[in-house]
Structures are given as structure tokens and as C-alpha cells.
Amino acid sequence: MATRETPQTYLEGFAEILAEVGRTGRRLTRDEVDGRRALGEQAASSGHGLRSLVIHHLTVTRVAWPVTTAPDRVLAAVEQAVDAFAEGYERAQRLAVRKEEAARREFIDDLLHGRSDPVRIVQRAERFGLRLAHAHAVGVAEGVEPYDDTHPVTRTVEAALFARFGDRRILLTTKDDRMICVVPGDQEDVVRYFAKQAYAATGGQAAIGRPHSGPGGVVRSYEEALNALDLAKRIGLDEPVLLAADLLVYPVLARDREAMADLVRNALGPLREARGGAEPLLETLHAYFDSGCVSARAARRLNLSVRALTYRLDRIYRLTGADPTNPQHRFTLQTAAVGARLLDWPATEL
């Protein structure tokens with residue numbers, strides 16, 4: 001392992017510059033300024049602290065102070081030299097940060113889309129605190145505006161998360177204007193807390209994928225969370241936190257689109273004959289089922305009286321031959337109602 005240069009390396013020629021300025025009163029030449037700037041860059045790349053190096057410059061200034069009739073010129077030269085040195089140091093630091101950010105972004109893109117060699121992904125993951133041999137779960141949150149790593153909302157959620165859990169191998173980032181949280185699969189409390197904090201900060205929705213093992217497991221959990229958010233938009237789920245594990249029935253129902261379309265046409269098609277079309281009665285079914293088949297609660301959702309709701313349910317029974325209040329008929333109607341949401345019926349012709 002190479003040893004780092006001593007601080008004196010970065011003071012090379014500084015005393016000689018002071019002596020020359022003391023004799024002539026001149027300012028630093030362009031080559032001298034460029035040289036101090038280059039030394040600053042080298043110091044940053046070698047990991048030295050800027051504060052200690054500035055102190056070394058001031059020590060050399062005190063020790064090597066020249067006999068001069070123009071002390072102000074010497075002080076101006078010290079200022080010019082230290083400023084150039086600090087500029088080079090800061091430039092190297094900014095470049096290092098940009099490189100680190102680029103590497104992190106490349107890793108996150110590869111991790112969430114599975115586009116890189118799995119062995120290389122696992123090796124790179126250790127650098128960012130992930131052990132991909134274990135299972136991981138992914139939380140995804142979106143809000144009313146796009147979010148990136150520097151957005152105040154992202155920082156707020158990050159601060160809340162790490163204040164509560166500290167370093168638990170949590171990866172918090174952003175992707176496609178959403179906040180993403182990757183956690184070990186056995187730390188469900190962490191990802192649920194992330195989802196709740198994200199909802200509180202954004203007012204949007206968050207979804208949590210199931211834990212899966214390996215590099216491909218992160219991709220799978222991430223896609224489950226994205227699909228849950230998409231499904232919520234399509235069928236009108238308004239829960240602040242969605243669990244992909246609780247929504248598995250919907251992809252199953254949507255897998256055979258033709259069969260689902262056939263069920264919707266046969267079970268709910270007769271609702272088109274109602275005055276005002278199928279939409280009001282279909283909305284009644286959604287409210288009734290979403291309320292746990294409790295009439296009073298469904299009526300409040302629809303801003304109706306219980307009597308008006310009962311009339312609508314009876315109208316559905318007479319049109320379709322299936323009674324929403326009868327447990328034997330309810331499953332068919334509820335499945336068809338879910339299918340209508342998935343297929344955007346009746347707005348979309350089947």
C-alpha cells in the first residue's frame with residue numbers, strides 16, 4: 001500500500017516564492033499560481049485535510065518571513081498562494097464527489113433493472129452497504145412532484161429514517177422522480193417506517209414489494225412495488241401504504257384478460273340498461289364492497305341515504321339476477337367489479 005506524501009510535499013517552493021516577493025514586491029506569476037493549484041489538487045486526492053495544510057502554509061510564512069520593505073506585498077502573496085492551493089483542493093473534491101455520485105447512480109440503475117453481471121453487482125453492492133446474498137425488500141414512494149437525491153423532502157425522509165434506525169444497511173435513493181428504499185428482508189419495520197414517513201412528507205402513496213433473495217430479488221421486489229402503485233391508480237385504491245403481498249389477487253385476475261372481459265360482460269353488462277347507464281350502479285357496487293358490505297358506510301361514501309342505496313342494490317339485482325347482499329352471489333359480482341376496474345369498463349368497450 002503506497003504511503004501518502006508528507007504535508008511538506010505540498011509546500012514545495014513556497015518559501016522561495018516568499019523570499020522572491022520580499023526582494024521584488026512582485027505578485028505570483030501565472031505558472032506559480034497554477035503550481036499551487038496543482039499541489040492543492042494532489043493534496044485532496046491523497047486524502048489530506050485542507051485545514052492542516054493551511055496551517056502549514058501559515059507556519060512556513062512565519063518561519064521563512066523575508067527581510068522586506070514591503071510586508072503588505074508578502075501578505076498579498078501568501079493570500080494569493082493559499083487561495084490558489086485551496087481552489088485546487090476544492091476542485092479535486094468536487095470532481096471526487098461527482099465521480100462518486102456517478103458511480104452510485106450507475107450502481108442503482110443496474111441494481112433496480114438487473115442490467116449488469118450478477119457477480120459484479122454483488123461486489124459493488126458491498127460498497128453501498130448491501131449484502132445481496134440475503135433477501136431484500138424495496139419500498140417506492142411517489143408524491144405530487146418529482147423527487148431527486150437533493151430534494152428537501154428526500155432529505156427529510158432520510159433524516160427521519162436514519163435518526164430512528166441508524167446504519168442498518170439501508171439504501172435510500174431516488175429513481176424516475178420517486179423515492180426508493182432498499183432494506184434487508186428481515187427488517188420490515190424499516191421499510192414500513194420509510195413508507196409512512198414518505199406518505200407524511202409527500203401526501204402521495206408508497207408501496208412495498210415482497211422480500212426476495214439475490215441481486216434479482218431487488219429487481220423483483222422493486223417491480224412489485226411499482227406494479228402496486230400502478231394498480232392503485234387503475235382501480236382507485238387510496239390507501240397511503242400498499243403491500244404487494246396483499247394485492248396478489250389482482251395480477252392473477254388480470255392474467256387472463258379475455259376470461260375477465262367475458263365475466264364483466266356477462267355479470268355487469270345488463271347494468272347498461274339502467275337509466276343513466278352502468279356507471280352509477282357500478283360505482284354503487286364499488287362503494288358497497290369497499291365498505292365491507294355495510295350499507296350505512298357505503299351510503300356515506302356515496303352521499304346517499306341508506307334507503308337510496310338499498311334501492312340501487314335492488315336495481316342491480318333485478319338487472320343482473322345477482323344479489324349483492326347474498327353471499328352466494330357476492331363473489332361473482334365483486335370479482336366482476338374488480339375486473340371492470342382493471343379493464344376500465346364501461347369507459348372502454350370490451
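These values consider heavy atoms only, across backbone and side chains, with no hydrogens, waters or symmetry-generated copies. We're numbering straight along the sequence, starting at 1.
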Check whether any side-chain N or O of Asp262 sits under 3.5 Å from a backbone N or O of Glu258 as a donor-acceptor pair, and report yes or no.
no
Please say whether more than 12 non-hydrogen atoms of neighbouring residues, nucleotides or ligands are located less than 6.0 Å from CD in Glu12.
no
Return yes if some donor-acceptor pair links the side-chain N/O of Ser221 with the main-chain N/O of Val218 below 3.5 Å, else return no.
no
Arg234: partners by salt bridge (Lys or Arg N to Asp or Glu O under 4.0 Å), with sequence neighbours left out
Asp230
Who are the side chain to side chain contact (heavy atoms under 4.5 Å, CB included) partners of Val190, not counting sequence neighbours?
Leu161, Phe165, Arg168, Ile170, Val183, Gln187
Can a donor-acceptor pair be found, under 3.5 Å and without considering hydrogens, that links the side chain of Tyr89 to the backbone of His48?
yes
Donor-acceptor check, side chain of Thr68 to backbone of Ala70, threshold 3.5 angstrom: yes or no?
yes
Side chain to side chain contact (heavy atoms under 4.5 Å, CB included) involving Asp34 - partner list, sequence neighbours excluded:
Arg30, Arg37
Sorted by chain and number, sequence neighbours left out, side chain to side chain contact (heavy atoms under 4.5 Å, CB included) with Asp176 holds for Arg178, Tyr222
Heavy-atom distance under 4.5 Å between the side chains of Val138 and Cys181, does that happen here?
no
Residues forming a salt bridge (Lys or Arg N to Asp or Glu O under 4.0 Å) with Glu349, sequence neighbours excluded:
Arg272
To the nearest 0.5 Å, atom CG of Leu132 lies from atom CG of Leu111 at 6.0 Å
In chain order, what residues pass the side chain to side chain contact (heavy atoms under 4.5 Å, CB included) check against Glu145, with sequence neighbours excluded?
Tyr147, His151
Could you grab the distance from atom CG of Leu281 to atom OG1 of Thr320, nearest 0.5 Å is fine?
9.5 Å
CD of Gln328 to CG of Asp323: how many Å apart, nearest 0.5 Å?
10.5 Å
Scan for salt bridge (Lys or Arg N to Asp or Glu O under 4.0 Å) pairs involving residues 290-305, sequence neighbours excluded, and state none if there are none.
Asp290-Arg341
Enumerate, atom names and distances included, each donor-acceptor pair closer than 3.5 Å involving a side-chain atom of residues 15-29, sequence neighbours excluded.
| unit_1 | atom_1 | unit_2 | atom_2 | d |
| --- | --- | --- | --- | --- |
| Glu20 | OE1 | Arg23 | NH2 | 2.4 |
| Thr24 | OG1 | Glu20 | O | 2.9 |
| Thr24 | OG1 | Arg26 | N | 3.2 |
| Arg26 | NH1 | Glu32 | OE1 | 3.0 |
| Arg26 | NH2 | Glu32 | OE2 | 2.9 |
| Thr29 | OG1 | Glu32 | N | 3.2 |
| Thr29 | OG1 | Glu32 | OE1 | 3.4 |

Reported CG-to-CZ distance for the pair Leu95 and Arg91, which is rounded to 0.5 angstrom:
9.5 Å
Got a sec: does the CZ of Arg73 have more than 12 other heavy atoms crowding it under 6.0 Å?
no
With side-chain hydrogen bond (donor to acceptor under 3.5 Å, both in side chains) as the rule and sequence neighbours excluded, what pairs involving residues 197-210 come up?
Tyr193-Gln197, Arg210-Glu224
Show me, pair by pair, the donor-acceptor contacts under 3.5 angstrom made by side chains of residues 236-248, not counting sequence neighbours?
none

Are Thr310 and Thr325 close enough that some pair of their side-chain heavy atoms sits under 4.5 Å apart?
no
Can you name the salt bridge (Lys or Arg N to Asp or Glu O under 4.0 Å) partners of Glu283, sequence neighbours left out?
none
Would the distance check show the side chain of Ser305 and the main-chain N or O of Ala308 forming a donor-acceptor pair, the cut-off being under 3.5 Å?
yes
Do Cys293 and Arg330 have side chains that approach each other closer than 4.5 Å (heavy atoms only, starting at C-beta)?
yes
Do Thr174 and Asp148 meet the criterion of a side-chain donor-acceptor pair at a distance under 3.5 Å?
no
Quick check against the 3.5 Å criterion: does Ser46 have a side-chain atom that pairs as donor or acceptor with the backbone of Gln42?
yes
Asp314: side-chain hydrogen bond (donor to acceptor under 3.5 Å, both in side chains) partners, not counting sequence neighbours
Arg318
Before accepting this row, confirm whether a basic side-chain N of the pair Asp83/Arg36 lies closer than 4.0 Å to the acidic partner's carboxylate O.
no
Closer than 3.5 angstrom, by distance alone: can the side chain of His329 be matched with the main-chain N or O of Pro327 as a donor-acceptor pair?
no
